[in-house]
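Scroll down for the structure; my scribbles are underneath it.
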Amino acid sequence: MPEADKEGERYQADRPQAAPGFFLKGSHQLDWGMKNRLARTFNPASGRTVMLAVDHGYFQGPTTGLERIDLSIVPLLPQCDALFCTRGILRSLIPAESQKPMVLRASGGPSILREELSDEQIAMDMDDAVRLNAAGVGIQVFIGGEHETRSVHNMTKLVDAGLRVGMPVMGITAVGKDMVRDAKYFRLACRIIAELGAQYVKTYYVEKDFETVTASCPVPIVMAGGKKLPELDALTMAYNAVQQGACGVDMGRNIFQSDAPKAMIAAVNAVVHKKAKPAEALDLYKSLKAKG
Ligand code: 5RP
């Protein structure tokens, strides 16, 4: 058994990692096309993104709030920085006139009907991502999961294909049902994903020591939303995540399952890009909701 690393104390989260000549952490030495796609996904002015995640159907079918993406999500497009969706939804429902950057779900396999979800494979060719003018691709990585090695290998194959064409890969920390979701786990998972080449990482927020997760990950982290929370809790989580070093969010259910999705995405935008405090953002949510 290799010796496990001791809990580190040297994260120095108060000292931002330098990225000379580019606005995004860990991305300054990438090629032009890759940087350009990242600069479409992340707002160069704030260095952050509000990505709207609507890819859930890839394993769970018509998820609550996504039954009619044409009616519920297309109207939200102007308010997000990027959309995270499947190629099926992109081709069938997202207007090709849209100028929004599209990040495409590139893994799949087991459905929600199976116990073990880590048995995924790459589910799309990089050629198709290029054909669709994608701004990036995203893939689950099941660190500690039953099919850990396969999912890591899926990601590294996708990264190699992405590097050939300048397509950023978002590695997503997929946590098994019985696994502990704490900073120690996410430090491990995010760092492995970054070390193995993903250009950015999507991961969950944890209340304790999240800044050690972002500080020890050399590429940008976007916060995953997770299950639906009351609006103030979701805005507080997003606020804390960006204050503690996340470069934005990739949120789904906390936006599209809100009673007022348009108001909620505006409130998330205020937190992410305008540094609004959670209470201010909640006021914005309430006033926009009241206006309908
Ligand atoms: C799970 C995923 C999802 O498919 C989705 O993007 C999750 O979004 P949310 O949890 O915010 O509803 O990436 O890891």
Side-chain angles (χ1 to χ4, degrees), residues 41 49-67 69 72-73 76 80-90 101-112 114 116-120 122-124 134-145 147-148 151 154-155 158 168-177 179 181 185-186 189-190 193 198 200-206 213 221-231 233-238 240-242 246 248-258 261 264-265 267-269 271-272:
T41 307
T49 186
V50 173
M51 200 187 297
L52 177 59
V54 297
D55 61 310
H56 308 57
Y58 95 96
F59 77 108
Q60 55 183 36
T63 306
T64 305
L66 297 180
E67 297 88 345
I69 287 183
S72 60
I73 299 302
L76 301 180
C80 67
D81 294 301
L83 189 72
F84 182 40
C85 66
T86 59
R87 61 175 165 176
I89 290 297
L90 186 72
M102 299 291 158
V103 178
L104 300 179
R105 158 66 59 184
S107 63
S111 76
I112 193 76
R114 305 295 292 263
E116 182 51 59
L117 294 176
S118 71
D119 188 18
E120 285 197 350
I122 293 178
M124 124 177 244
V137 291
I139 184 164
Q140 302 299 96
V141 184
F142 295 84
I143 299 300
H147 298 277
E148 175 182 65
S151 83
N154 288 342
M155 189 199 81
L158 202 65
V169 171
M170 172 172 76
I172 303 167
T173 59
V175 195
K177 274 190 240 148
M179 285 159 66
R181 290 176 177 226
Y185 173 77
F186 289 120
C190 292
I193 289 172
Y200 56 106
V201 180
K202 168 174 173 172
T203 198
Y204 292 95
Y205 179 72
V206 284
V213 179
I221 283 186
V222 291
M223 186 205 78
K227 66 174 195 294
K228 174 75 177 72
L229 301 170
E231 276 72 12
D233 294 355
L235 293 167
T236 302
M237 183 171 76
N240 290 340
V242 295
V249 300
D250 183 20
M251 282 170 95
R253 286 164 289 176
N254 276 293
I255 293 172
F256 63 71
Q257 290 180 353
S258 165
M264 185 58 182
I265 199 167
V268 173
N269 250 300
V271 161
V272 170

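We count ligands from 1, going down the list as the structure has it; atoms in each ligand are counted the same way. None of these values were measured; they are calculated from a predicted model.
- Considering every non-hydrogen atom in both E67 and P62, the closest pair reads CG-O, 4.2 Å.
- Here the closest heavy-atom approach between residue V213 and residue C190 is recorded as CG1-SG, 3.8 Å.
- For the side-chain contact (heavy atoms from CB on, under 4.5 Å) test, residues two or more places apart in sequence or in another chain that qualify with A53 are D55, H56, F84, K202, D250.
- Partner of L76 under the side-chain contact (heavy atoms from CB on, under 4.5 Å) criterion, out of L52, V54, L83: L52 alone.
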Close N/O pairs between ligand 1 and protein, under 3.5 Å:
| residue | atom | partner | partner atom | Å |
| --- | --- | --- | --- | --- |
| ligand 1 | 4 (O) | D55 | OD1 | 3.2 |
| ligand 1 | 4 (O) | D55 | OD2 | 2.7 |
| ligand 1 | 6 (O) | D55 | OD1 | 2.6 |
| ligand 1 | 6 (O) | K202 | NZ | 2.7 |
| ligand 1 | 8 (O) | H56 | NE2 | 3.2 |
| ligand 1 | 10 (O) | G226 | N | 2.8 |
| ligand 1 | 10 (O) | R253 | NH2 | 2.7 |
| ligand 1 | 11 (O) | G225 | N | 3.4 |
| ligand 1 | 11 (O) | G226 | N | 3.3 |
| ligand 1 | 11 (O) | G252 | N | 2.7 |
| ligand 1 | 12 (O) | H56 | NE2 | 2.6 |
| ligand 1 | 12 (O) | R253 | N | 2.9 |
| ligand 1 | 12 (O) | R253 | NE | 2.8 |
| ligand 1 | 13 (O) | R105 | NH2 | 3.3 |
| ligand 1 | 13 (O) | K202 | NZ | 3.1 |
| ligand 1 | 14 (O) | Q140 | NE2 | 3.3 |

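- Residues meeting the side-chain contact (heavy atoms from CB on, under 4.5 Å) test with S72, sequence neighbours left out: none.
- Residues passing the side chain to side chain donor-acceptor pair (under 3.5 Å) test with T63 are Q60, sequence neighbours excluded.
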